[in-house]
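Encoded as structure tokens, the structure appears first; notes follow it.
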Number of protein chains: 2
Amino acid sequence: MALNDVEICEIHEVHADKVKMVKNKLPEEDEMYDLAELFKVFGDSTRIKILFVLFETDICVCDLAACLNMTQSAISHQLKVLKVSKLVKSRREGKSVIYSLADDHVRTIIGQGREHIEE
Amino acid sequence: MALNDVEICEIHEVHADKVKMVKNKLPEEDEMYDLAELFKVFGDSTRIKILFVLFETDICVCDLAACLNMTQSAISHQLKVLKVSKLVKSRREGKSVIYSLADDHVRTIIGQGREHIEE
DNA sequence: TTATCATATGAGCAGATGTTCATATGTTAA
DNA sequence: TTAACATATGAACATCTGCTCATATGATAA
């Protein structure tokens, strides 16, 4: 029998009614999973730095790498992650590819994060 | 000589002036790093689920584990991460330890995340 | 005290993640 | 077309992360 813990707990003390009530109010598994995936994207300092640069200006990969003192390859890999998550979009201009913020949730989310830290 | 990429780029095309301007506007390295660390905490589905439970009610470790069908140990480890990041606080009540949300930035941050996803 | 319940924690392991390196793709100019 | 620049990408590797298992700590009741 799997998940013995749950069984054992119920015998003793777990408030089965409370647990059931809370379970019903939780969002879909998928939604919570996707949310975690989104925050995972914010959870890397290279990507955060990229976003801060994009707060200031649209910019090409090469300049971005220079801003952060990192290799073009490393930046490019991370830009892809940001793009798949729709936090960033890109357009081609001649030989360069210019990246920019996809929408304003990014600013809000990061803003709230900063507020939390300032305490 | 290290970081050849930057050097090479400058010879050719990088907009040194633009790069310098952006660099000046960026927050402190530490702040960006801390921000990434904060979001890293949100970037795991177990922790996200814990937070959603805490949106509904204060709850003990045992009930929390039952809600998520996970072991007490796994939950306890993650609660520690959440506590160190000040997203969650705890109080003892008899044999149990009751966890609750530390403040309301958590709701706001997660709310913005959800908005971003709904698109 | 001792027994039991509730939670916390350390070690170990498997899987995920970010960077580097080499190279491929795509664009422009000659 | 070819050469040079700009970006993207795959593989490899080292590090990080989250879970499990065993066990320690803490609290209560008998």
Side-chain angles (χ1 to χ4, degrees), chain A residues 2-15 19 33 36-37 39-50 58-66 68-85 88-100, chain B residues 2-15 19 33 36-37 39-50 58-66 68-85 88-100:
Chain A
L3 273 175
N4 313 305
D5 269 286
V6 177
E7 315 287 339
I8 291 168
C9 271
E10 280 177 354
I11 293 167
H12 296 295
E13 191 48 44
V14 160
H15 308 86
V19 168
Y33 181 82
E37 289 303 300
F39 286 120
K40 207 170 282 184
V41 177
F42 288 96
D44 172 78
S45 60
T46 297
R47 291 191 292 266
I48 284 284
K49 286 176 194 171
I50 291 175
D58 296 4
I59 195 169
C60 68
V61 180
C62 183
D63 285 359
L64 202 35
L68 307 187
N69 295 310
M70 293 183 64
T71 65
Q72 175 270 319
S73 179
I75 298 298
S76 189
H77 277 294
Q78 298 304 345
L79 282 170
K80 180 157 195 181
V81 175
L82 289 165
K83 199 173 178 183
V84 169
S85 309
V88 146
K89 60 190 175 184
S90 67
R91 62 181 186 273
R92 199 168 250 290
E93 283 187 9
K95 281 184 281 187
S96 299
V97 176
I98 310 293
Y99 281 82
S100 56
Chain B
L3 273 173
N4 314 304
D5 271 284
V6 177
E7 314 287 338
I8 290 168
C9 272
E10 282 178 354
I11 292 167
H12 295 297
E13 191 49 42
V14 161
H15 309 87
V19 169
Y33 181 82
E37 290 303 300
F39 286 121
K40 207 168 282 184
V41 177
F42 287 95
D44 172 77
S45 59
T46 298
R47 290 190 292 266
I48 284 285
K49 288 176 194 171
I50 291 175
D58 296 4
I59 195 169
C60 68
V61 180
C62 183
D63 285 359
L64 203 35
L68 306 186
N69 296 310
M70 292 184 65
T71 65
Q72 175 270 319
S73 178
I75 298 298
S76 188
H77 277 294
Q78 297 305 344
L79 282 170
K80 179 157 195 181
V81 175
L82 289 165
K83 199 172 177 185
V84 168
S85 308
V88 145
K89 61 189 174 186
S90 68
R91 61 179 187 274
R92 200 171 250 288
E93 284 188 9
K95 282 184 279 188
S96 300
V97 176
I98 310 294
Y99 280 83
S100 57

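Rounded to whole Å, the distance from CZ on B:Phe39 to C1' on C:dT17 is 19 Å. Between the NZ atom of B:Lys80 and the C1' atom of D:dC19 there is a distance of 16 Å, given to the nearest Å. For B:Ile98 and C:dA8, the CD1 to P distance is 11 Å, given to the nearest whole Å. Atom-to-atom, CD1 of B:Ile50 to C1' of D:dG18 comes out at 12 Å; the value is rounded to the nearest Å. As rounded to whole Å, 13 Å separates atom P of D:dG18 from atom OH of A:Tyr33. The distance between atom CD1 of B:Ile75 and atom P of C:dT9, rounded to the nearest whole Å, is 15 Å. The distance from atom CD of B:Glu37 to atom P of D:dC16 is 11 Å, rounded to the nearest whole Å.
Using a 4.5 Å heavy-atom threshold, the side chains of A:Leu64 and A:Leu79 count as touching. Counting only heavy atoms from C-beta outward, the side chains of B:Glu93 and B:Cys60 never approach each other to under 4.5 Å.
The 5' end of DNA chain C is approached more closely, in terms of each residue's nearest nucleotide, by B:Val61 than by the other of A:Arg47 and B:Val61. Nearer the 5' end of DNA chain C, as judged by each residue's closest nucleotide, is the contact made by B:Ser76, out of B:Ser76 and A:Val81.
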Output one letter per nucleotide in nucleotides 19-30 of chain C: B when a protein non-hydrogen atom lies under 4.0 Å from the base, S when only the sugar-phosphate is that close, - when neither is. SBBB----BS--
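At the heavy-atom level, B:Lys83 lies nowhere under 4.0 Å from the strands shown.
The side chain to side chain contact (heavy atoms under 4.5 Å, CB included) search around A:Val81 returns A:Val41, A:Arg47, A:Gln78, not counting sequence neighbours. For B:Lys89, the side-chain hydrogen bond (donor to acceptor under 3.5 Å, both in side chains) test picks out no residue, with sequence neighbours left out. For A:Ser90, the side-chain hydrogen bond (donor to acceptor under 3.5 Å, both in side chains) test picks out A:Lys83, with sequence neighbours left out. Residues that satisfy the side chain to side chain contact (heavy atoms under 4.5 Å, CB included) test with A:Ser76, not counting sequence neighbours, are A:Gln72. For B:Tyr99, there are no ring pair (Phe, Tyr, Trp, His ring centres under 6.0 Å) partners, not counting sequence neighbours.
Residue B:Tyr99 places at least one side-chain N or O closer than 4.0 Å to OP1 or OP2 of C:dA8.
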